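What follows is one structure encoded as structure tokens, with my remarks underneath.
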Amino acid sequence: MPISWNEIRDRAFAFMREWETENSEDAEAKSFLDGFFNVFGVSRRRVATFEKHIKTIDGKSGYIDLIWPGVLLIEQKSRGKDLDLAHNQAKGYFPGLADCDLPRYILVSDFARFRLYDLETGEKHEFNLSELHKNIKLFGFMAGYQTQVLKPEDPANIKAAELMGRLHDHLKATGYTGHHLEVYLVRLLFMLFAEDTSIFERGQFRDYITQKTAEDGHDLGLHLNALFHVLNTPEDQRQTTLDEHLAAFPYVNGRLFEEPISPASFNFMMRVILLDCCGLDWSRISPAIFGSLFQSVMDPDSRRDLGAHYTTEQNILKLIRPLFLDALWEEFKKARKQRKKLVDFHKKLSRLKFLDPACGCGNFLVIAYRELRLLEIEVLREIHKDRFHGFLDVSPHIWMDVDQFYGIEIEDFPAQIAQVALWMTDHQMNMRVSEEFGQYFRRLPLEKSPNIIHGNALRMDWANIVEPKSLSYILGNPPFGGAKYQGEAQKHDVEMVFNGARNTGLLDYVACWYRKSVDYMAKNHAIRSAFVSTNSITQGEQPGVLWPDLFNRGARINFAHRTFQWTSEARGKAAVHCVIIGFALEDEKKKWIFDYETPKSEPRAISASTINPYLVDGPSITLANREKPICDAPEIGIGNKPIDGGNYLFTPEEKAEFIKKEPAAKKWFHRWIGADEFLNGYERWCLWLGDCPYSELKRMPEVMKRVEAVKRFRLASKSAPTRKLAEEPKRFHVENMPKRAYLVIPEVSSERRKYIPVGFIKPNTLASNLLKIIPNAKLYHFGVLSSTMHMAWVRAVCGRLKSDYRYSVGIVYNNFPWPNPTEKQRVAIEGAAQEVLDARAKYPDDTLADLYNPLVTPSQLVRAHRKLDRAVDAAYGLRKFNGDPSRVAFLFQLYGRILSPLSL
């Protein structure tokens, strides 16, 4: 067990007095280094080798003065010798060392001076022997006090996961599979972490493997199972004849090594891989993300994108800060000058309980626990600041523990990882406490455990896991599961959770966790909850299904992150557009919306009075899927839908070739335009035969072949309505062909565009069903629909295809609150709208996609749109809005007044 910093300092003084007057000619390096190791409570003979023979970089033989494999290399010189040469000599030994033996630190000394190199950070520290007592914390890695600044993107995380993945593959290939393999790997993970973080002696696990097992690995599995048994047995209950190497391991408990599992058989390569794992510095591993990386190595497909499957700490903090962490820090700052209040606050921290009902590998619980332990250290620093380094025993003052955290996970392996990850985090925080307070602190044996339950959270009564009256917060990142991608079991879960509510087949799977949480919170209104979710539960049709159900049960939204990109730092990273929603059965006085200019931007906090299902400051109402507009606006519809198997559609080349064969068909061709053609200027043609008399049709054999092909295509469909359409094969499923110019809106448009390009189309051009068409639209309607005001509405309420806007008739257009302009305002809008069309016309060779690319939009078009925005804003009665949130809040207020003029 590490000794205290106070004792280390005393030993440093004694070491300095012994050697500062020593004549360098008489100085004996071995005695000097033994004494130096003793300063930090380390037996040099146990961990390090003196005068190790090795081949140097130039192929010659040499002797390393001292090597602590994987940790430290020391090169000792006579007093006054050049330390630069000593450093170069030390680096020259590296080619002769195995990768797992390469040290992180090099120490060179001439008995009077020390120079320490950290090869990972590039830092160099130099001081005299007389200053050793001032620099002892540089050697925390020797004393067992070293704390790491954990970086999620640290390559060590991925390297460790890859090595564990290789070991997994080798074990699985030998037939060691299933639950036993998963338990085995989790135990190895704990032991690797333990020997680099002072739970075990430094290098103790590695030394046991190298010294007690055969190089061919045949007996390694038996030795590991013996070690598992020892780690699960209290020291006073072990056999007195136990091998001394085994007996030196501490009792762990925590049920981690309790379950009997069959021994695994190793070979030479598997032993090498395990030793390579030992060669990594596991104190650098972040429990917050390693669990997810570790889990992903079990799936070869996931492993190709290793690192794309973990949740970044930054994103987790976006949830836990507004849910509880910010408020707790604020409470601490208010209490920090009053000791009694601080003690009461500390008690409050120790009573908090957290539940992640879809915890996976425990990422959210790990980060929450880590942040709360850091806060506890600050509390203790304030409470005991007068005797901060004077504790005889720090353990009674650490009240937070892992048993405050609960999780439910449907898969067994990540549930086990979550438990170990919390223990790892607990120990890392204990190391931080040791460093802060000057007294070594560890919790061993493990007396308390995280409460991680393996099972389907949607089919459990959460009250059986943690009593509602004692729970403080529910949090996490449940599985998203879009309605179209749910399996039968998931669909059954949705039906069961919502208990026959209407239209729940539209909901994403994540919605179930909202309903379960609200039902659970009904037993304790003080509980606060927050989930990461797909943004689709705040867009399109889903808000009208989910949120009335939750609001009717008393739920309120207290904070929200609007759409942002949820991603990792790894190559091949998976980018998902998400929201975070904090909700409870009690209103918070302060509500916050975190808005993003783009999904990749940093959030901007906006104070709100009410947060509605679309995550804007507005009335808590949802939009119905309407058949007609709520305002005096022209009706909108979809374009033509052939269901023809492509037989009636032609490229220009295909059309020309067809007309060569069938000249009489020329008059039946019409320009065909869908969203892609409209935006990118592609030319396509359609053979429209709905008005073609049969007498004329039968004289065109090539056309008849197309008609017959369409009939066969429809008859082959599994859909009865489509088979019914085969009775009239020359007609479309949906026919919408205005007799005069009409306005079109692309159904899908890029999120990068500030405006969805809309435009007028001539009547002889047929629009596909990928365009929304407004037959009776005027220039005024074009102007309003092309405005920032309308776009703010679109961005807030439309559904999405991936991240692109998906414009809908029933939700977006028919619910849009149009302005009620004066004649003068209408004329101003029409004039500005015409200027937009004129600006476009100046660039006949550019497509709409080109013109509305935000990087290259012509300045004349930008100015025209700004003028149009001012005209439209004026028609709404306001001159200036502070971004989309204020616009959408205004529109929802207007929406409410339009629907309920007497109640608002």
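Scope of the values below: all heavy atoms of this structure, side chains included, with no hydrogens, waters or symmetry mates. Owing to the predicted nature of the structure, the values given are computational and were not obtained by experimental measurement.
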Do the side chain of Asn815 and the main chain of Leu623 share a donor and acceptor less than 3.5 angstrom apart? no

Donor-acceptor pair, side chain of Asp644 and main chain of Asn647, under 3.5 angstrom: yes

Could you report the tightest heavy-atom contact between Ile581 and Ile557, atom names first, then the distance? CG2-CG2, 4.0 Å

For Asp508 and Ser536, which I'm curious about, is there any donor-acceptor pair between the side chains at under 3.5 Å? yes

Report yes if some heavy atom in the side chain of Phe498 is under 4.5 Å from a heavy atom in the side chain of Leu507; otherwise report no. yes

Quick check: does any side chain N or O of Arg806 sit under 3.5 Å from a backbone N or O of Glu747, one acting as donor and the other as acceptor? no

When the ring planes of His790 and Phe816 are compared, do they come out parallel, tilted or perpendicular, using 30° and 60° as the limits? perpendicular

Find the distance between OH (Tyr755) and CG (Leu861) and round it off to the nearest 0.5 Å. 8.5 Å

Any chance you could measure Leu475, atom CG, to Asp356, atom CG, to the nearest 0.5 Å? 5.0 Å

Any non-hydrogen side-chain atom of Ile474 less than 4.5 Å from a side-chain atom of Trp513? no

From Arg753 atom CZ to Asp804 atom CG, the distance as rounded to the nearest 0.5 Å: 8.0 Å

With the side chain counted from C-beta on, respond yes when Val758 and Val744 share a heavy-atom pair under 4.5 Å apart, and no when they do not. no

Are any non-hydrogen side-chain atoms of Phe732 and Ser768 less than 4.5 angstrom apart? no

Nearest atoms (heavy-atom pairs only) where Pro543 meets Thr538: CG-C, 3.4 Å

Cation-aromatic face contact Lys318/Phe564, 6.0 Å, 45 degrees: yes

Taking the six-membered ring where the residue is Trp, are the ring centres of Phe760 and His781 under 6.0 Å apart? no

Taking atom CZ of Arg459 as the centre, report whether more than 12 heavy atoms of other residues, nucleotides or ligands fall under 6.0 Å from it. yes

Is it true that, when you exclude Asp632 itself, more than 12 heavy atoms of the residues, nucleotides or ligands shown sit nearer than 6.0 Å to its CG? no

How are the rings of Phe890 and Tyr876 set to each other: parallel, tilted or perpendicular (split at 30° and 60°)? perpendicular

Between Ser529 and Tyr520, do the side chains contain an N or O donor and an N or O acceptor separated by less than 3.5 Å? no

With the side chain counted from C-beta on, respond yes when Phe559 and Ile593 share a heavy-atom pair under 4.5 Å apart, and no when they do not. no

Spacing of CG belonging to Asn853 relative to CG belonging to Leu851, to within rounding of 0.5 Å: 9.5 Å

When you compare the side chains of Asn535 and Thr563, does any donor N or O come within less than 3.5 Å of an acceptor on the partner? yes

Where does the angle between the aromatic ring planes of Phe892 and Tyr895 fall among parallel (under 30°), tilted (30 to 60°) and perpendicular (over 60°)? perpendicular

If you round to the nearest 0.5 Å, how far is CZ of Arg795 from CE of Met791? 4.5 Å

Under the ring pair (Phe, Tyr, Trp, His ring centres under 6.0 Å) rule, what do Tyr648 and Trp672 come out as? Steps first, then yes or no, please. CA-CA 10 Å; Tyr648 291 148; Trp672 178 260; 9.9 Å; no

Quick check: does any side chain N or O of Asp617 sit under 3.5 Å from a backbone N or O of Thr610, one acting as donor and the other as acceptor? yes

Non-hydrogen side-chain atoms of Ile774 and Tyr742 separated by less than 4.5 Å: no

Which residue is it: Arg515, Lys523, Lys516? I am looking for the one with a side chain to side chain donor-acceptor pair (under 3.5 Å) to Asp519. Arg515

We want to know whether Asn612 and Ser620 form a side-chain donor-acceptor pair, criterion being a heavy-atom distance below 3.5 angstrom. no

Is Glu677 salt-bridged to Arg671, going by a charged N under 4.0 Å from an acidic O? no

Taking the six-membered ring of Tyr596 as reference, does the NZ or CZ atom of Arg562 fall below 6.0 Å from its centre and within a 45° cone about the axis? no

Whether the side chain of Thr765 engages the backbone of Ile761 through a donor-acceptor N/O pair (distance < 3.5 Å, no angle test) should be reported. no

N-O pairing of Glu588 and Arg528 below 4.0 Å: yes

Could you verify whether a donor N or O on one side chain and an acceptor N or O on the other, from Glu735 and Asn640, lie under 3.5 Å apart? no

When you measure from the side chain of Glu635 to the backbone of Pro629, do you find a donor-acceptor pair of N or O atoms at a distance under 3.5 Å? no

In terms of heavy-atom contacts, Ala624 and Ile811 come closest through O-CD1, 3.8 Å

The reported gap from CD in Gln539 to OH in Tyr614 (rounded to nearest 0.5 angstrom) is 10.0 Å

Does atom CD (Glu728) have a neighbourhood of more than 12 heavy atoms from anything else shown, all under 6.0 Å? no

Can the ring centroids of Tyr514 and Phe583 be said to lie less than 6.0 angstrom from one another? yes

Look only at the side chain of Asn503 and the backbone of Val545, and say whether a donor-acceptor pair between them is shorter than 3.5 Å. no

Six-ring centre of Trp793, Arg887 cation under 6.0 angstrom, axis tolerance 45°: no

Presence of salt bridge, Glu835 and Lys867, under 4.0 angstrom: yes

Report yes if some heavy atom in the side chain of Ile673 is under 4.5 Å from a heavy atom in the side chain of Leu766; otherwise report no. no

Sub-3.5 Å donor-acceptor pair from the side chain of Asp869 to the main-chain atoms of Arg866, do we have one? no

Using distance alone, with no hydrogens and no angle criterion, decide if Arg826 and Thr822 have a side-chain donor and acceptor under 3.5 Å apart. no

So, are Glu495 and Lys491 salt-bridged, with charged N and O less than 4.0 Å apart? no

Between Ser886 and Gly883 (side chain of the first, backbone of the second, donor and acceptor by atom type, cut-off under 3.5 Å), is there such a pair? yes

Is there a donor-acceptor pair under 3.5 Å between the side chain of Asn558 and the backbone N or O of Glu586? yes

